[in-house]
Amino acid sequence: MNERSLPLKAVLHREQSDSDSFIDLDKLFAAAARRIRIVTLSVALFIMLGISYLVFATPFYTSATQILLDNDLSRYAEDEKAGVQLRQEADTQIASAVEILKSNSMALRVVDDAKLADNDLIVDPPQSPLALAKGFVSSLKSIFSSAPQLTEEQIRNARRKLAAARLQQAVDVERVLRSSVIMVSFKSPDPQLSAQVTRAYADAFLTDQLNANFDASERASLWLQGRLDDLAKRAQQAALEAEHYKAENGLTQMGGELMSEQQLSDLNKQLIVAQADSASASARYQQYKSITDQGPQNAVKNAVVSVQAGGNPVLQDLRTKYLTVEKREQDVTASFGATHPQAVALKAEKERIGDQIYQELQQLTSSFRNEFDVARSREKSLTDSIDKLTGKNSEANRSLVHLRELEQKATALKGLYESFLNRFEVASQSQSLPIAKARVISEAGVPTQPSSPKKTMVLALSAVLGLMAGAGLAFLQEMLERFFRLESDVRTVLGQKSLGYLPRMGPKTKTPLKRGFFNKQKRPAAPAPQGPGLDRMMRTVMEAPRSAFAETLRNTKLAADIILQGKSSRVIGVLSALPGEGKSTVAANFAVLLASSGKRTLLIDADLRNPSLSRQLQPAPRVGLVQAVLGETPWQECIKVDQETKLAILPIVPGAAARSLAHTNELIASPGMVSLIEAAKQSFDYVVVDLAPLGPVVDAKAFAPLADGFVFVVEWGKTPTKLVADLLDAEPHISNKVLGVLLNKTDMQMLTRYSDFGGSEKFRKQYNKYYVE
């Protein structure tokens, strides 16, 4: 047999997939349409679960109260000079209040105030099935374990702590937005209990605030009282030490200064005056001494009498007389001469008066000397006193340093005592009037409607979860979709021609049809054989000649005639990738179609491992293909012929091949098989060969050189695309001879769901008008 590449293969290329596009809306809508059923079922299932939950779930009622943290409530009892509270401090205060409300101590206070230790809804609330199972297991463990006996007081305390723990878990405390309002809510199956617990929490919080302020004031008062007593003793002792040290060291002060300092200041002032007086007396004395040292005549003429001396009336009178006499002497001398008696008398008078003036000047000089000596003595005395007092003042200053330390200590203790005294008074006043910096702005009422479960939310959430689960499952199914569904899959994945869809056979067509429509017939090339019966599915094209099934096989015949035109006899192999894909049924119906159209057709069952076609013959053949190929029996005697369609069948004796041959491919490729095919081509127009699946065995590969073309049967929705593509890519001598691919066992109702918008599969209902099933 000569191999050749088919013309169709040379021009038919694999279609390019549109998977590179960002979103293919057509494929997306098609996937949603074909998976809508599972999504709908998932949504319905989850909604039913939600309804079941609403029916069996215990309703809970929530009661809430709002507490405002307001610092202005205590503005009349606190210092008005207190600074404005910063935003960060306010946030910290609110966060602290929230944690206080969530604390275990607050829960214990509520349990004690509201007497909730004996409330079964608090101690033993309704539990979920899982919690009940856990509790049952714990109870079983407690039965087999020895626990110590508890007293009533211990049991009571345990219930109290358990109730507090339940409350702490169930209460919800949160800040309302960015305000200073805290909302406290509690959820319980009993609406009255939820309102009671919420009110108890609000009251307990306000009471806790008051108690905290009172306790803080009381502790502060006690501590401050102790500090005041200690500071009073220490301040008094420090003051006494300062006074005692002052008395011991003579550090008497007047006007804020030591007496020694004041005395030294006075002496310095007196010394300055004495030094001035001494200088003045020394100047007068030196002046008159210089006058008297000139002699009587010169002293009278040249002496300049000071103002103070001029103030002496005696000296002034003498000076006036002297000047008068001197003038008269000058006049007389000028008039009568110096020898005139009157001039001489006046000169003697002038000398006498000059002597008196000189004597008076001497007396004044002696007086001024005495004054100078006294002033100098006083100055020296003051200097000695200052020197003596300065030494004493230095010692006093050194003592004053220590005195000032003692006085500073006494002053500091006194100031600290006064400060603590003020704080003690404030704490005492606060203790007498404790004010909580919080108030309830929304009382907890008794709820009339359950807060959970919320029916609308549960049903909506159930629908959303069902939609998500259904979408996830649909997405998973789409991801796992790796099978042939459309003719475009054949062209895209395999690069082969699609011959059409073969619908899945209904259950009514699976019953065997035991009609003896095969009779003996004599033909020129073949003797008359025995007449067997076939299963009804093997002759569907005869039972429903105007069906979609028959039309697809006619399309297969047409493709074979076009591609294999020019051949007088055509050997067509029918194969599949896996067992169970219906290739034997397709081969039988295809052969029946060819035979019923008047073509001389031979159907050979060459699936030596699983001759399902031969098993349908009744009665079972006694000789067949194996005996014909081995030359044990002429192949013409092994053929069974249908009298109605003139279809000739070369079967296999069931079990004969498996028992006699270990390598069936050697039989298929043997010279006997070549001779048989060559002889059959001389007698028949078509030789249809039902071959073994391509995947598990190599029989089809061995038969490839003998075939003119192959019809590849793929089960719709079951055969993986990669498997078929890999098999054909690995066997190019088979792939080049494939006439086309048939999608067998197609669910025609589901087919439209896999087609894109505008695909031919969408018009199957219109096509069915031309079919009669």
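Values reported hereafter were calculated over all heavy atoms of this structure, with side chains retained and with hydrogens, waters and symmetry mates removed. Source: prediction; values computed, not measured.
Side-chain atoms of Gln168 come within 3.5 Å of backbone N or O of Lys102 as a donor-acceptor pair. Of the possible donor and acceptor atoms, none in the side chain of Ser185 sits under 3.5 Å from a partner among the backbone N and O of Ser63. The closest donor-acceptor contact from the side chain of Ser462 to the backbone of Val458 lies under 3.5 Å. The backbone N or O of Pro191 lies less than 3.5 Å from a partner atom in the side chain of Ser194, making a donor-acceptor pair. Using a distance-only test at 3.5 Å, with no hydrogens or angles considered, no donor-acceptor pair links the side chain of Ser452 to the main chain of Lys454.
Listed here is the closest heavy atom pair of Ala471 and Val39: N-CG2, 4.1 Å. Pairing each heavy atom of Lys187 with each of Phe60, the nearest pair is CG-CB, 3.3 Å. Nearest heavy atoms, Phe186 versus Ile122: CZ-CD1, 3.8 Å. Nearest heavy-atom pair across Leu727 and Ala577 is CD1-CB, 3.6 Å. Here the closest non-hydrogen pair linking Pro189 and Leu121 is CG-CD2, 4.5 Å. In this structure, Val111 and Ala117 approach most closely via the heavy-atom pair CG1-N, 3.9 Å.
Here the straight-line distance linking atom OG1 of Thr746 with atom CD of Glu487 works out to 9.0 Å at 0.5 Å rounding. Going from atom OG of Ser442 over to atom CG of Leu68 covers 11.5 Å, rounded to the nearest 0.5 Å. Rounding to the nearest 0.5 angstrom, the gap separating the CD atom in Glu152 from the CD atom in Gln154 is 11.0 Å. In this structure, CZ in Arg491 is found 6.5 Å from OG in Ser498, a value given to the nearest 0.5 Å. The line from CZ of Arg160 to CG of Leu116 is 11.5 Å long, rounded to the nearest 0.5 Å. How far CD1 of Ile441 is from CE of Met183: 11.0 Å, rounded to the nearest 0.5 Å.
Other residues, nucleotides and ligands place more than 12 heavy atoms under 6.0 Å from the NZ atom of Lys745.
In this structure, the side chains of Arg159 and Asp118 come closer than 4.5 Å at one or more pairs of heavy atoms. With a 4.5 Å cut-off on side-chain heavy atoms, Asp208 and Met106 count as touching. Side-chain contact check for Ser180 versus Ile94: some heavy-atom pair is nearer than 4.5 Å. Between Leu167 and Tyr201, some side-chain heavy-atom pair lies under the 4.5 Å cut-off. Arg109 has its side chain within reach of Asn211: a pair of non-hydrogen atoms, C-beta onward, lies under 4.5 Å apart. Side-chain contact between Phe484 and Val741 is absent, with no heavy atoms from C-beta onward closer than 4.5 Å. Residues Val440 and Leu206 have side chains in contact (heavy-atom distance under 4.5 Å, counting atoms from C-beta outward).
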**Request:** Could you go through the side-chain contact (heavy atoms from CB on, under 4.5 Å) check for Leu743 and Val490 one step at a time?
**Result:** CA-CA 9 Å; Leu743 295 177; Val490 175; 4.0 Å; yes

**Message:** For a side-chain contact (heavy atoms from CB on, under 4.5 Å) check, start with the C-alpha distance between Glu153 and Thr151, then their side-chain angles and the critical distance, and finish with the verdict.
**Reply:** CA-CA 5 Å; Glu153 183 64 24; Thr151 62; 4.1 Å; yes

**Message:** Evaluate Ile182 against Val173 for side-chain contact (heavy atoms from CB on, under 4.5 Å), listing each step before the verdict.
**Reply:** CA-CA 7 Å; Ile182 298 176; Val173 183; 3.6 Å; yes

**Request:** Mind running side-chain contact (heavy atoms from CB on, under 4.5 Å) on Arg175 and Asp91 for me, showing each step along the way?
**Result:** CA-CA 10 Å; Arg175 181 181 181 180; Asp91 292 341; 3.2 Å; yes

Going by atom type alone, with no hydrogens or angles, which donor-acceptor pairs under 3.5 Å involve a side-chain atom of residues 40-55 and a protein atom two or more places apart or on another chain?
{"from": "Thr40", "atom 1": "OG1", "to": "Ile36", "atom 2": "O", "distance (Å)": "2.6"}
{"from": "Ser42", "atom 1": "OG", "to": "Gly466", "atom 2": "O", "distance (Å)": "2.8"}
{"from": "Ser42", "atom 1": "OG", "to": "Gly470", "atom 2": "N", "distance (Å)": "3.2"}
{"from": "Ser52", "atom 1": "OG", "to": "Met48", "atom 2": "O", "distance (Å)": "2.9"}

Quiz: residues 715-726 side-chain donor-acceptor pairs under 3.5 angstrom, not counting sequence neighbours:
{"from": "Trp716", "atom 1": "NE1", "to": "Arg485", "atom 2": "O", "distance (Å)": "2.7"}
{"from": "Thr719", "atom 1": "OG1", "to": "Glu581", "atom 2": "OE1", "distance (Å)": "2.3"}
{"from": "Thr719", "atom 1": "OG1", "to": "Glu715", "atom 2": "N", "distance (Å)": "3.3"}
{"from": "Thr721", "atom 1": "OG1", "to": "Arg482", "atom 2": "O", "distance (Å)": "3.3"}

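Between the side chains of Ser451 and Thr62, at least one donor N or O sits under 3.5 Å from an acceptor N or O.
Taking a cutoff of 4.0 Å between a charged side-chain nitrogen and a carboxylate oxygen, Asp230 and Arg234 qualify as a salt bridge.
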